[in-house]
Enquirer: 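Got a structure here, written out as structure tokens. Questions coming.
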There are 2 protein chains.
Amino acid sequence: MATLSDVAKKAVVSKMTVSRVINHPDKVSDELRELVYAAMKELNYVPNVAARALVKKRSQVIKLLILEEMDTTEPYYMNLLTGIALELDKHHYSLQLVTRNSHAIGRCDGLIVTGMREEDYSSIISVLNQPVVLFGQNDKGYDFVDVDNRKGIKLATRHLIEQGFESILFFGIDLNEPFMAMREAGYVETMCECGLNPYIQLMKNSSHVSQSNAAAYLKTSRCKTAFVCASDRLAVGVVRAAQDLGLSIPEQVAVTGFDGVFLDRISCPKLTTIRQPIIEMGGECAKMLLQKIQQDGMKLGSCLFPPELIVRGSTV
Amino acid sequence: MATLSDVAKKAVVSKMTVSRVINHPDKVSDELRELVYAAMKELNYVPNVAARALVKKRSQVIKLLILEEMDTTEPYYMNLLTGIALELDKHHYSLQLVTRNSHAIGRCDGLIVTGMREEDYSSIISVLNQPVVLFGQNDKGYDFVDVDNRKGIKLATRHLIEQGFESILFFGIDLNEPFMAMREAGYVETMCECGLNPYIQLMKNSSHVSQSNAAAYLKTSRCKTAFVCASDRLAVGVVRAAQDLGLSIPEQVAVTGFDGVFLDRISCPKLTTIRQPIIEMGGECAKMLLQKIQQDGMKLGSCLFPPELIVRGSTV
DNA sequence: CATTAACATTAAAGCGCTCACATGAATCAG
DNA sequence: CTGATTCATGTGAGCGCTTTAATGTTAATG
């Protein structure tokens, strides 16, 4: 493995110049810079991350702290992880998966936190000395990345209205968190804009729960009904309820989900859903965090991704 | 942050002794060892991974090379990842996610490879200079970790026979890979042992494909039928086919899956499945790999995990 | 009691890199 | 032409750790 010294020798310059070409290319004359680049290429030089980390007093590790039950949200997180890991790799940072219990183990240069709930802010406060980016909206002033939840649900609701539905229910998750507030608001606003009555039901994020709730409603209702669901998981349950009752989808019952990560495609019929670009969002988390680390924890604000309506068999 | 020097000063020994206490505790007298431990505790000493990596010429990175389309197998991998990451963290190794295209980027001390197919062996051969452990059975002599596929399917088949089914089909995946051969063999063996006729159908690992195949079969069949599926995904399709035809589960149609990772629980009724302890298996991959790295690539053989039959509504 | 083997401990070098500082050349005001 | 100023480059120290080789200590041997 070629070292910085080897490159310096080959280019007949000092080690310092090589180091400078890597870290501050603009502070080196064009001539020398090209010389060094050529030598690096010829020797197939790859910087030694450990050596740099040692002198920079960095660990080159960033942690992903997952506060939710991983079991219940699994498919979603795989994409997040992928997005983060891909971006981090570009900068020779590596990702450490930690949970509520293990998050204090080992050093890191910063964290990405996901699944943060109201009650977590007090208990996890110790991590806030370090650079941190939250995955998921928050109203506490921390930098975060999220999808535009309100706009997403607006897209879904409007789509259902365009399909001619007038009885449109919202199935939400019974969590008092900003992302849910936004989704609910998107639904209510759109309904009001169109002069329709909102009807909201909150429940645990489980397909079995939404299935029984939807069944209970559909048994008493006579007209065609649409469900705006706050997650694909809830939507899956609604689809099953409709099928059990022999109601045709999407003619008598239409359903939209939210996430577009996995469940939307294994459902039958496939779900119309609001796709979150999770991989890209994960990448953005990583980018923001690395920038914060470089700028010594400076505040960067938030980043809201535009959601996308994916139309499939559950509505058309 | 306390350093090794600080500890040495506090314990009034040389740096060397402290280092030796960490790396070869048996080569230091009991008295000194305790002294050093006490000093370490008092100063809250944490070794600097980068410094160690620098002198040991290690990167402290291991890569997970995922050769399958991640999209189609997602929930499964999240567990694998978790298992690997958890074990690796204990040893201050970090995990880098790479794909077919990105696997050459950056250094690593070893790899775990998953989704390896027959045709990959030639193209990925360059990674085999380094310590490597495969996740998934192989007959090429590489160290691997897998679940006992044959035994798993045997459990499922026997369970169905015990439930009184005599017409039992096997829905397999059309891949010519060892894990599928094992699953098929487990089915055939058990059927023969019980004097029943095996009937095998291979297809793409898609719930929609298995749904239509199951539907085609069930339309012509008159007696109660059971399906041994090679994946939960296939099983989900079979369940849907039965429901579409108005056949009752598990009285007229019974189904078993394989994996027990995610789909088994969102299906309705929930699936009887063969659970693979993926998290533990991931941990074992990591352990094996770290041992190989330490022992300079020595061959370690394979590790087959016992599968577990989870009985749920799709069969009883 | 001197010699040596066996073991415990230390001093010092160096892993590959970056940084603060030193040096030297070129430019410009006066 | 001198001294100040700028810019490009080099020197050397040191990040925290492990390792080799050297040194000190003890116990066993003749």
Side-chain angles (χ1 to χ4, degrees), chain A residues 1-40 43-61 91-94 106-109 293-294 296, chain B residues 1-40 43-61 91-94 106-109 293-294 296:
Chain A
M1 283 289 96
T3 73
L4 186 141
S5 272
D6 300 336
V7 175
K9 263 177 219 148
K10 175 133 242 153
V12 202
V13 296
S14 72
K15 297 197 301 178
M16 185 64 247
T17 302
V18 179
S19 173
R20 211 178 263 123
V21 167
I22 296 168
N23 299 294
H24 313 282
D26 49 309
K27 296 213 179 296
V28 177
S29 67
D30 295 1
E31 191 189 7
L32 275 193
R33 196 179 330 120
E34 290 313 317
L35 212 64
V36 170
Y37 279 141
M40 294 197 326
L43 293 173
N44 207 340
Y45 170 70
V46 182
N48 182 319
V49 178
R52 176 198 248 112
L54 177 61
V55 55
K56 288 274 195 90
K57 306 206 182 220
R58 291 261 170 81
S59 63
Q60 299 298 121
V61 168
H91 305 274
H92 298 284
Y93 262 84
S94 60
R107 277 206 199 53
C108 68
D109 297 342
I293 290 171
Q294 211 155 14
D296 208 27
Chain B
M1 284 287 99
T3 75
L4 186 139
S5 273
D6 300 334
V7 175
K9 262 177 220 149
K10 175 134 243 152
V12 201
V13 296
S14 73
K15 296 196 301 179
M16 182 62 247
T17 303
V18 180
S19 174
R20 204 180 269 116
V21 167
I22 296 168
N23 298 295
H24 313 282
D26 49 309
K27 296 213 181 298
V28 177
S29 66
D30 295 1
E31 194 189 7
L32 274 193
R33 193 177 332 119
E34 291 312 318
L35 211 64
V36 170
Y37 278 142
M40 294 196 327
L43 293 173
N44 208 340
Y45 170 70
V46 182
N48 181 319
V49 178
R52 178 199 245 110
L54 176 60
V55 56
K56 287 273 195 92
K57 306 207 180 218
R58 290 263 170 78
S59 62
Q60 301 297 119
V61 168
H91 305 274
H92 297 285
Y93 263 84
S94 60
R107 277 206 198 51
C108 69
D109 297 341
I293 290 171
Q294 210 155 16
D296 207 28

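What's counted below: heavy atoms across the whole structure, side chains too, no hydrogens, waters or symmetry copies. Each chain gets a letter, A, B and so on, in the order the sequences are listed, and its residues count up from 1.
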Enquirer: Taking only the side-chain nitrogens and oxygens of A:S29, find out if one of them lies under 4.0 Å from OP1 or OP2 of D:dT9.
Expert: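 A:S29 to D:dT9 OP1/OP2: side-chain N or O found under 4.0 Å.
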Enquirer: Whole Å only: how far is the CG atom of B:N48 from the P atom of D:dG16?
Expert: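 To the nearest whole Å, that distance equals 7 Å.
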Enquirer: Please check the phosphate of D:dG10 (OP1 and OP2 only) for any side-chain N or O of A:S14 closer than 4.0 Å.
Expert: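 True: A:S14 side-chain N/O within range (under 4.0 Å) of D:dG10 OP1/OP2.
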Enquirer: Taking A:R58 for its side chain and A:D109 for its backbone only, find out whether a donor-acceptor pair lies under 3.5 Å.
Expert: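 No; zero donor-acceptor contacts below 3.5 Å.
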Enquirer: With nearest nucleotide decided by heavy atoms, which residue, B:K56 or B:M16, maps closer to the 5′ end of DNA chain C?
Expert: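 Result of the comparison: B:M16.
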Enquirer: Taking only N and O in the side chain of B:K15, is any of them less than 4.0 Å away from OP1 or OP2 of C:dT9?
Expert: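 Negative; the distance criterion is not met.
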Enquirer: Under 4.0 Å between a side-chain N/O of B:T17 and OP1 or OP2 of C:dT10, yes or no?
Expert: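 So the side chain of B:T17 is within the cut-off, an N or O lying under 4.0 Å from OP1 or OP2 of C:dT10.
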Enquirer: Please report, rounded to the nearest Å, how far the C1' atom of D:dC17 is from the CE atom of B:M40.
Expert: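 Rounded to whole Å, this separation is 14 Å.
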Enquirer: Can you confirm whether B:T17 sits close enough to B:V28 that some side-chain heavy atom of one is under 4.5 Å from a side-chain heavy atom of the other?
Expert: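 Result yes, sub-4.5 Å side-chain heavy-atom pair found.
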Enquirer: Could you state the atom-to-atom distance from CG of B:D26 to P of C:dT9 in whole Å?
Expert: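 My rounded result for the distance is 13 Å.
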Enquirer: Let me spell it out: for each of A:V49 and B:V12, pick the nucleotide of DNA chain C with the closest heavy atom. Which residue's pick is nearer the 5' end?
Expert: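 Of the two residues, B:V12 wins.
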Enquirer: For A:R33 and A:P25, indicate whether the former's side chain and the latter's backbone hold a donor-acceptor pair under 3.5 Å.
Expert: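 Yes; judged by distance alone, with no hydrogens or angles, the pair exists.
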Enquirer: Respond yes when some side-chain nitrogen or oxygen of A:N23 is under 4.0 Å from OP1 or OP2 of C:dT18, and no when none is.
Expert: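 Checking C:dT18 against A:N23, a side-chain N or O does come within under 4.0 Å of OP1 or OP2.
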Enquirer: What is the distance, rounded to the nearest whole Å, between atom CG of B:L35 and atom P of C:dT10?
Expert: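 So the two atoms are 11 Å apart, to the nearest Å.
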Enquirer: Can you check the B:L4 CG to C:dC15 P distance for me, whole Å?
Expert: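 After rounding, the gap between these two atoms is 19 Å.
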Enquirer: Just the rounded figure in Å: distance from P of C:dT9 to CZ of B:R20.
Expert: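 Distance, rounded to whole Å: 8 Å.
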Enquirer: Given atom CZ of B:R58 and atom P of D:dT18, what is their separation to the nearest angstrom?
Expert: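 Taking atom P of D:dT18 as the reference, CZ of B:R58 is at 12 Å.
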